[in-house]
Amino acid sequence: MTDKYLFFSLYKDALLKIKHLVSDRDNELSGCIYPDGNFLIKEGNKESALVLANSDFIWHSHPDGKLFFSLNDWLCIFYSNAKYIALFAGNKILVVKKTAVHEKLYLEFHKIASQFHGYNSVIYYKFIQILEIYFNIDVSTDIDETLLFKFNLEYAIYKEESNSLININI
């Protein structure tokens, strides 16, 4: 529980500032947040944004307001070395924390990416296979909000109230 409070005190101002910057945009945005509260923003298009993975905390936005990750989002999350990931959608922010179980997955993804460098469709296929085996899922039917539980991730959902963020997890 202490980790949640430490996390929130380090990143809450940056999350609130980013929320205001992405709220009225038509394109997805992405970036990273540094422990000192500084952050980077990169603009994508209506359906995707480049994830910047040079930080322990990466984020992106969904201008359509959908507060769950797509298959491509999940693949980027597990390929990234980031510990925290945020998704801005509508008036809410989903913050996900990877746990120790994801370290082996990260290493396997990087081994596959190195082994099949230049063959993106093979890498994509292999990543999906790994996810299905690790978490006993079928990505053709299981890509929805229940993946937070199936992927063994810690998470919190925040919304803005009185110019501050409050946790609205049920």
Side-chain angles (χ1 to χ4, degrees), residues 1-99 101-102 105-106 109 124 127-128 131 135 137 139 142-170:
M1 196 61 128
T2 305
D3 190 36
K4 277 188 180 180
Y5 293 118
L6 176 61
F7 157 80
F8 198 67
S9 67
L10 288 174
Y11 297 109
K12 68 179 178 180
D13 291 337
L15 288 169
L16 192 58
K17 287 175 188 173
I18 294 167
K19 182 193 167 296
H20 286 272
L21 291 171
V22 305
S23 63
D24 293 332
R25 301 298 287 267
D26 291 332
N27 290 339
E28 284 196 14
L29 300 170
S30 66
C32 56
I33 306 173
Y34 299 105
D36 65 0
N38 287 314
F39 54 89
L40 293 175
I41 295 178
K42 173 100 174 152
E43 186 162 8
N45 59 43
K46 287 187 183 255
E47 291 145 10
S48 67
L50 175 69
V51 176
L52 303 171
N54 59 348
S55 172
D56 282 342
F57 196 133
I58 59 175
W59 63 270
H60 79 282
S61 65
H62 282 174
D64 63 8
K66 293 181 182 170
L67 193 64
F68 69 90
F69 295 109
S70 69
L71 176 58
N72 287 341
D73 292 340
W74 284 118
L75 295 176
C76 290
I77 288 167
F78 292 127
Y79 185 74
S80 164
N81 65 350
K83 184 176 182 178
Y84 297 103
I85 301 89
L87 173 61
F88 295 84
N91 66 348
K92 296 184 179 107
I93 306 167
L94 170 63
V95 178
V96 173
K97 179 186 174 199
K98 292 194 291 189
T99 60
V101 72
H102 302 105
L105 182 63
Y106 166 79
F109 270 30
Y124 190 77
F127 281 6
I128 290 171
L131 282 183
F135 299 107
I137 63 167
V139 298
D142 290 341
I143 299 299
D144 59 21
E145 58 276 352
T146 65
L147 284 181
L148 289 171
F149 303 107
K150 292 176 184 175
F151 285 157
N152 300 315
L153 294 158
E154 296 178 13
Y155 76 96
I157 300 172
Y158 299 97
K159 73 173 187 175
E160 184 179 3
E161 189 172 285
S162 302
N163 206 27
S164 65
L165 294 178
I166 60 166
N167 187 325
I168 60 169
N169 284 22
I170 297 174

task: Could you give me the CA-CA distance, side-chain angles and deciding distance for Leu148 and Val96, then say whether side chain to side chain contact (heavy atoms under 4.5 Å, CB included) is met?
output: CA-CA 8 Å; Leu148 289 171; Val96 173; 3.8 Å; yes
message: Counting C-beta onward and ignoring hydrogens, is there a side-chain heavy-atom pair between Asn91 and Glu160 closer than 4.5 Å?
response: no
query: Between Arg25 and Glu43, is the closest basic N to carboxylate O distance under 4.0 Å?
result: yes
query: How far does CD of Glu154 sit from NZ of Lys83, to the nearest 0.5 angstrom?
result: 8.5 Å
- request: Walk me through it: do Ile93 and Leu87 pass the test side chain to side chain contact (heavy atoms under 4.5 Å, CB included)?
  value: CA-CA 6 Å; Ile93 306 167; Leu87 173 61; over 6 Å; no
query: Do Leu165 and Lys159 have side chains that get closer than 4.5 Å, going by heavy atoms?
result: no
- line: Here the gap from Tyr84 atom OH to Lys97 atom NZ, rounded to the nearest 0.5 Å, amounts to 4.5 Å
query: Is a donor on one side and an acceptor on the other found under 3.5 Å between the side chain of Ser61 and the backbone of Glu28?
result: no
Residue pair Tyr34, Asp56: steps toward the side-chain hydrogen bond (donor to acceptor under 3.5 Å, both in side chains) verdict: CA-CA 7 Å; Tyr34 299 105; Asp56 282 342; over 6 Å; no
field: Heavy-atom pair with the smallest gap, counting every atom of Phe68 and His62
entry: O-CE1, 3.3 Å
Whether Lys98 side chain and Ile77 backbone form a donor-acceptor pair below 3.5 Å: yes
statement: Minimal heavy-atom distance between Leu67 and Ala89, with the atoms involved, is CD1-CB, 3.8 Å
Rounded distance [0.5 Å steps], CG in Leu29 versus CD1 in Ile18: 10.0 Å
- prompt: Of the non-hydrogen atoms in Phe57 and Ile85, which two are nearest, and what is the gap between them?
  reply: CE2-C, 4.2 Å
query: So do the side chains of Tyr158 and Ile166 get within less than 4.5 Å of each other, counting heavy atoms only?
result: no
- prompt: Within a strict 4.5 Å, meaning less than it, do heavy atoms of the Leu15 and Phe39 side chains meet?
  reply: no
message: For Tyr11 and Val95: C-alpha separation, side-chain torsions, deciding distance, then whether side chain to side chain contact (heavy atoms under 4.5 Å, CB included) applies.
response: CA-CA 11 Å; Tyr11 297 109; Val95 178; over 6 Å; no
- prompt: Does a sphere of radius 6.0 Å around NZ in Lys66 hold more than 12 heavy atoms from other residues, nucleotides or ligands, not counting ones at 6.0 Å or beyond?
  reply: no
- prompt: CG/Asp13 to CG/Asn38 distance, rounded to the nearest 0.5 angstrom?
  reply: 11.5 Å
- line: Taking every heavy atom of Phe109 against every heavy atom of Phe127, the minimum-distance pair comes out as O-CE1, 3.2 Å
message: Taking the side chain as everything from C-beta on, heavy atoms only, tell me whether Phe88 gets closer than 4.5 Å to His20.
response: no
message: Rounded to the nearest 0.5 Å, what separates atom NZ in Lys19 from atom NZ in Lys92?
response: 11.0 Å
query: Can you tell me how far CZ of Phe69 sits from CZ of Phe151, rounded to the nearest 0.5 angstrom?
result: 11.0 Å
message: If you compare all heavy atoms of Asp26 against all heavy atoms of Pro63, which two are closest, and at what distance to 0.1 Å?
response: O-CG, 3.3 Å
- request: For the pair Thr99 and Leu153, evaluate side chain to side chain contact (heavy atoms under 4.5 Å, CB included) and give the outcome as yes or no after the intermediate values.
  value: CA-CA 7 Å; Thr99 60; Leu153 294 158; 5.8 Å; no
task: Say whether, by atom type as modelled, one donor and one acceptor occur between the side chain of Ser55 and the main chain of Ile58 under 3.5 angstrom.
output: no
field: Asp36 atom CG, over 12 foreign heavy atoms within 6.0 Å
entry: yes
Sole residue of Phe78, Trp74, Tyr79 in ring-ring contact (aromatic ring centres under 6.0 Å, His included) with His102: Phe78
Sole residue of Val22, Leu94, Leu40 in side-chain contact (heavy atoms from CB on, under 4.5 Å) with Trp59: Val22
